[in-house]
Amino acid sequence: MAVEILKEKYRSKVGEVVLGATKEQGGTRSHTITVGGESTLPFLHFEGEVPHRPVVAMEILDMAPEDWHPCFKQYFGDVYDDPAAWAKKCVEQYGADLIQIRLRSADPDFKDSSPEDCAAVVKKVLEAVGVPLIVIGCGKPEKDSTIFPVVAEAAAGENLLLGVAELENYKAITSACMAHQHNIIAQSPIDINICKQLNILIAEMSTAMVNRIVIDPTIAALGYGIEYSYSIMERASNGALQGDKMLAMPMIGNIGAEAWRAKEANISAEDEPGWGEQEERGIMWESTTAMAYLQSGMNILVMRHPRSVELIKGQIDDLMKDNSY
Amino acid sequence: MGLTGLEIFKHLPKTNCKECGSPTCLAFAMALASGKASLDACPYVSEEAKAALDSASAPPIKLVKVGAGDHAVELGDETELFRHDKRFFHPTSIAVLISDTEDAAASAELFDALEFDRVGLHYVTDMVAVQCASGDAAKFKAAVEAVAGKTQKAMILIAEDPAVMEAALPAVKDRNPLVYAANAGNYEKMVELAKANNCPLAVKGKDLNETAELVEKIVALGYKELVLDSGARETSKVLADLTQMRRLAVRKKYRPFGYPTIAFTSKENAQEEILQAGVYVSKYASIVVLKAREKQQLLPLLAWRQNLFTDPQKPIAVEPKLYDVGEPDENSPVYVTTNFSLTYFIVEGEVEGSRIPSRILSVDTGGVSVLTAYADNKFSAETIAAAMKKAGLDEKVKHRQIVIPGHVAVLKGALEEASGWEVLVGPREASGIPKFAKERFA
Amino acid sequence: MIIIGERINGMFKDIARAIKEKDAKVIQEWARKQEENGAHYLDINVGPSSPAPVEAMKWLVEVTQEVTDLPLCLDSTKYDAIEEGLKLCKRPAMINSVPAIQSKMERVFSMAAQYDAEVIGLAMSEEGIPKDADSRVALAAELVANAMAFDISPDRLYIDPLVLPCNVAQDHGPEVLRTLREIKLISDPSPKTVVGLSNVSQGTKNRELINRVFAVMAMSHGLDAGIVDACDDELMAAVATARILLNMDIYCDSYIDVFKKSNR
């Protein structure tokens, strides 16, 4: 007796976004990375295409991260003060598909670095590695709106992914992306309605931007509301497949930063003996968070611990294996 | 969804005799499909048709119990493909594998201690699987009994040789273990054993087709306490099979897959195994059997299970109390918010981001957000003042200032009166807290 | 709701004149306008008094397809005209329509299978339009069973329960709504449903208001498609809003614009 395999007939698919540009394309990347394009739910190869595997970006900062758990020192301690070397190590030693640099030093509460300083750091990182780059501002909208135009111009042609644009302040960053042809991260606060509206507003500024938007639904870590963002992403993916073009963008999430904020990742075994050894617990907290988001349709996972990255890349290999009947 | 009109029509005599009161058999079938008529009205319907129509009214996935007493686990009885459509009901059981070639008693003792307390919740690994790796019936029996002596949790007995299973099962049958597994070669004997000992039975095919076939044969033998294993072991294949079984059962009411499912990890490395198990927890397995045993490995998996199986309709609450962020002292600022977990965690994250040690008073609002609670009068001057008193704020800080969410600025006057404290109106959105804190408290 | 734009119909004087004078501009103007306002299909009807319906249908199909890629819904009681039109359609079209009468079902379903067309089936027989829902549903089931005999999947069939003007047949209203729900119980996949919306308001005052209210009520009973005035902005806004309230689309502040653009 043959089981009649049930395949969904979806009307549409998730859009594709290309990151980075090679020399021929006007940039200096050794290769580009395409994300999105899936015409089914995550890894259901038996009923649709998953043309591009999800990718893992490793997270670096433009200054030493005093708030990271000391267990990271053994991996990055020697390069904390040199973003270019840090990026290089992530790519060459730890297999990062791409690099996300956060311009934390621009924060007026930290070093208040100038837009020109930020652009110089981005240029240095671009010189150090060949992978496409994600550049995130310091998180203070007033300051970020001064940084983006300068960074976008300095890196013109590199087809960066710049973030983040939020409902209250998307215009400056969108303009910067439009002017110098970069991609944009549209971030909404765990709210699918705002997510959709923000995409519409960016698209209204320029229809060409539709294929340059990556959604950041604002993810929560395991144990801290992960199920909310998981369900929002599942709804968005379903919407995209059913033809909702304003939700049909690839998705990105700051998994490392969120997971490593959790008490469960950081507290020592002495202080919480019931939970086992700290570093492995942190690695598993981060990679389990990533595992869940792979299952809800995330395309770009921004991660922190080298072992988590290795684990999740291994799982992506497994999930990308054909399972058609 | 029950049977459609055309499916019912197939079982009717198609004589259009009108004795049921409907003009045609098709019209009668439609009346049945919409619940307006009863099958009794047709004098000519066959017994088979009656049976077919009856089984269509059963739930899409059967509820199966494994284990006994307080440690019994309920599996199956799911109705959704996505938790946002309603909810997932019965959390995946996590089973730790113990082999009869190891010191089973010692391993069982360690297993039994795998319990965790986190954010006021208690997580447990709820099953233990004892596997016959020795091929020796006496050894297996000894291991099963040793494990049973060390833990009261639900058991899975893994031995595909009926003779081996027969040696071990009777001794622990009162524990209602899952008998693993009936396959194409042994199913008649395994069904007999499961029936004689009144225990649930796992059915293992080599693929979906063979699994469905086996289920039909076993159901024909009169046994329905089943748990299904499609035989797949590669992550991607298991994901596909589990998805198909759930979809066909829920969407098509395909009876052979209307049972709970069991999946096994195949990875040797414990960390990889946890992530593999995580995929199966996410996508529809009722039981996942794995080898990982370390606390720091299992805690994240159990946390994911707990998160996934929460009811999306029901807001999740944090314990209403006074929380410390960083190491606050008697001069540190105090924020007040609700005990809706998402609100609380967002506020906590932003307060932490302000890098000023602080306290957050989480008021019991039944787990709803600031504006909803305000509208319901659960977040009012009275409830906040009462929570301040209960938390002993008076003794913990020297100052007399408290920050309320900007959305309920209107409470300022009443709260100042009720508490005697100065009320500062904070930002409307939590994202404004770092800036607010820097201006007020830095 | 799938919007089938009703405007290219010889019942309208400007269309009748355009057909007669072979004035493609009028037809194309309406095609464009309906598409811009969110139509997913365009109904093509040569009108009741066309002297040469086959030729008129062919011409309408051709000139319409010059300006739009939308699929067409060929609307005629003359099946030869539909067949000639189908031959010219660049994308799979919809046949409008067939009643539950054996000889007609055979003709239309074999044609639909040949040209990979969807079909609108009318819940009526030789005896006319039944009043009650049960009889309408039984006729719908006949249509589904016959379509399946031609290997046409039920979800390629749109059942029209047949709406009558509310000023002459008010008692049909609730029966039609009940029919819409129960048609979904016929098969899996279930057939789709469609109504010719303007019928409900024939000969009344407040035609637009009645159309809009009925569209929303029918949607809440599961209606899938409507042959409607796609240029009625208020109607389109009501449909977009009903989709939000029925949780069919994900809300955002610009949801009406998004709905209108959803056919592109």
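Lettering follows sequence order; numbering is per chain, from 1. Heavy atoms only: backbone and side chains are in, while hydrogens, waters and symmetry mates are out.
For B/D241, the parts lying near chain A are the backbone and the side chain together; criterion is any non-hydrogen pair under 4.5 Å. Looking at A/I190, only its side chain comes within 4.5 Å of chain B, counting heavy atoms on both sides. For B/F257, the part lying under 4.5 angstrom from a heavy atom of chain A is the side chain only. Heavy atoms of B/K283 lying under 4.5 Å from chain A belong exclusively to its side chain. Using a 4.5 Å cut-off between heavy atoms, A/P141 does not touch chain B at all. Contact of B/S282 with chain A is made through backbone and side chain together, with heavy-atom distances under 4.5 Å. Heavy-atom distances place both the backbone and the side chain of A/D109 under 4.5 Å from chain B. For A/F43, the parts sitting under 4.5 Å from any heavy atom of chain B are the backbone and the side chain alike. With a 4.5 Å cut-off on non-hydrogen atoms, A/L6 touches chain B through its backbone and its side chain both. When heavy atoms are compared at a cutoff of 4.5 Å, B/F340 approaches chain A solely by way of its side chain, counted from C-beta outward. Residue contact with chain B, scored on non-hydrogen atoms closer than 4.5 Å, is absent for A/S296. Residue A/K263: no heavy atom, backbone or side chain, is found under 4.5 Å from chain B. With a threshold of 4.5 angstrom between heavy atoms, A/E8 approaches chain B through its backbone and through its side chain. Proximity to chain B (any heavy atom under 4.5 Å) is restricted, for A/L41, to the side chain, taken from C-beta onward. Heavy atoms closer than 4.5 Å to chain B are found in the side chain of A/Y230, but not in its backbone.
Atom CG in B/L308 sits 10.5 Å away from atom CD in A/Q295 (nearest 0.5 Å). Atom CG of A/L222 sits about 9.5 Å away from atom CD of B/Q306, to the nearest 0.5 Å.
When the shell of 6.0 Å around NZ of A/K171 is examined, it contains 12 or fewer heavy atoms from other residues, nucleotides or ligands. When the shell of 6.0 Å around CD of A/Q74 is examined, it contains more than 12 heavy atoms from other residues, nucleotides or ligands. No more than 12 heavy atoms of other residues, nucleotides or ligands shown are found within 6.0 angstrom of CD on A/E49.
Under a 3.5 Å cut-off, the side chain of A/Y325 and the backbone N or O of B/A240 do form a donor-acceptor pair. Proximity of a side-chain donor or acceptor of A/Y228 to a complementary backbone N or O of B/P312 within less than 3.5 Å is not detected. Listed for the B/Q296 side chain is a donor-acceptor partner under 3.5 Å among the backbone atoms of A/E277. No donor-acceptor pair closer than 3.5 Å links the side chain of A/T288 to the backbone N or O of B/P300. With hydrogens and angles ignored, the 3.5 Å screen pairs a side-chain donor or acceptor of A/W275 with a backbone N or O of B/D117. Side chain of B/N307 to backbone of A/I226: no donor-acceptor contact under 3.5 angstrom is found.
Ranked by non-hydrogen atom pairs under 4.5 Å with chain A, the options B/Q297, B/E234, B/K435 are led by B/Q297. Of the listed residues (B/D207, B/D85, B/L114, B/L248), the one with the most heavy-atom contacts under 4.5 Å to chain A is B/L248.
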Next item on the list: Just do the side-chain hydrogen bond (donor to acceptor under 3.5 Å, both in side chains) check on A/Q315 and B/E272 with the steps written out, would you?
Entry: CA-CA 8 Å; A/Q315 179 160 71; B/E272 292 174 22; over 6 Å; no

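Contact check on B/K267 versus A/D318 returns a salt bridge, with a Lys/Arg side-chain nitrogen under 4.0 Å from an Asp/Glu carboxylate oxygen. Look at B/R83 and A/E227 and you find no salt bridge, because none of the NZ, NE, NH1 or NH2 atoms lies under 4.0 Å from a carboxylate O. Look at B/K295 and A/E280 and you find no salt bridge, because none of the NZ, NE, NH1 or NH2 atoms lies under 4.0 Å from a carboxylate O.
Cation-pi geometry between B/R247 and A/F46 is not met at under 6.0 angstrom from the ring centre and within 45 degrees of the axis. In this structure, A/R281 is not positioned above the aromatic face of B/F116 in the sense of NZ or CZ being under 6.0 Å from the six-membered ring centre and within 45° of the axis.
Of the N and O atoms on the side chains of B/Q271 and A/R307, at least one donor lies less than 3.5 Å from an acceptor on the other residue.
Counting only heavy atoms from C-beta outward, the side chains of A/M320 and B/S236 never approach each other to under 4.5 Å. Looking at A/K321 and B/T235, their side chains never come closer than 4.5 Å, going by heavy atoms from C-beta outward. Looking at A/I5 and B/L208, their side chains come closer than 4.5 Å, going by heavy atoms from C-beta outward. You'll find the side chain of B/W304 reaches within 4.5 Å of the side chain of A/M291, heavy atoms only.
Annotation for A/N323 and B/K237: closest pair O-NZ, 3.8 Å, computed over non-hydrogen atoms.
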